[in-house]
Amino acid sequence: MSTDAAATALFAFGYPTSIVVILRFVPVVRERRLKWLVAHDLAVAAIVAGWALKGDRRAVAINASWLVAANVWYALGGRRRART
């Protein structure tokens, strides 16, 4: 499999999966949907790997930054406690 074909396969998994999760990211964080976060992380890691195979450092940096930011958001988010 060529580098371009491998990158395309990674993008074919990564982009649709990550977009589905990103569209619902606020509930993912609020409701602590760990399985959704794991799917998102695997998808974005595939995107980062695809761009790395293509040699696009800017795309790697942008997507890797989102991966870190999303996980920080998830870690700091969650259900708020009701005020009494």
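Owing to the predicted nature of the structure, the values given are computational and were not obtained by experimental measurement.
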Treating Thr17 as the side-chain partner and Gly14 as the backbone partner, does any N or O pair qualify as donor plus acceptor under 3.5 Å?
no
Is it possible for you to say whether Val26 and Val29 belong to one hydrophobic cluster, with membership spreading through side-chain heavy-atom contacts below 4.5 Å?
yes
Side-chain heavy atoms under 4.5 angstrom apart, residues restricted to Ile, Leu, Val, Met, Phe, Trp, Tyr: same cluster for Leu53 and Tyr15?
no
For Val21 and Val28 the tightest heavy-atom approach is CG1-CG2, 4.3 Å
Is a donor on one side and an acceptor on the other found under 3.5 Å between the side chain of Asn71 and the backbone of Leu67?
yes
What distance separates Phe11 CZ from Asp4 CG, expressed to the nearest 0.5 Å?
9.5 Å
Hey, would you say the Trp36 and Phe25 ring centroids sit under 6.0 Å apart?
no
On the ring face of Tyr74, is Arg32 found with NZ or CZ under 6.0 Å from the centre and within 45° of the axis?
yes
Please answer: with hydrophobic residues joined when any side-chain heavy atoms are less than 4.5 Å apart, are Val38 and Val48 in the same cluster?
yes
Which class fits the ring pair His40 and Trp66: parallel under 30°, tilted 30 to 60°, perpendicular over 60°?
perpendicular
Determine whether Leu23 and Ile19 make a side-chain contact, defined as any pair of heavy atoms from C-beta on separated by less than 4.5 Å.
yes
To the nearest 0.5 Å, tell me how far Leu42 CG sits from Phe13 CZ.
5.5 Å
Which atoms form the tightest heavy-atom contact between Ala7 and Gly50, and what is the distance?
CB-O, 3.6 Å
Any chain of hydrophobic side-chain contacts (each under 4.5 Å) joining Trp73 to Leu37?
yes
With clusters defined by side-chain heavy atoms of hydrophobic residues (ILVMFWY) lying less than 4.5 Å apart, directly or transitively, does Val44 cluster with Trp51?
yes
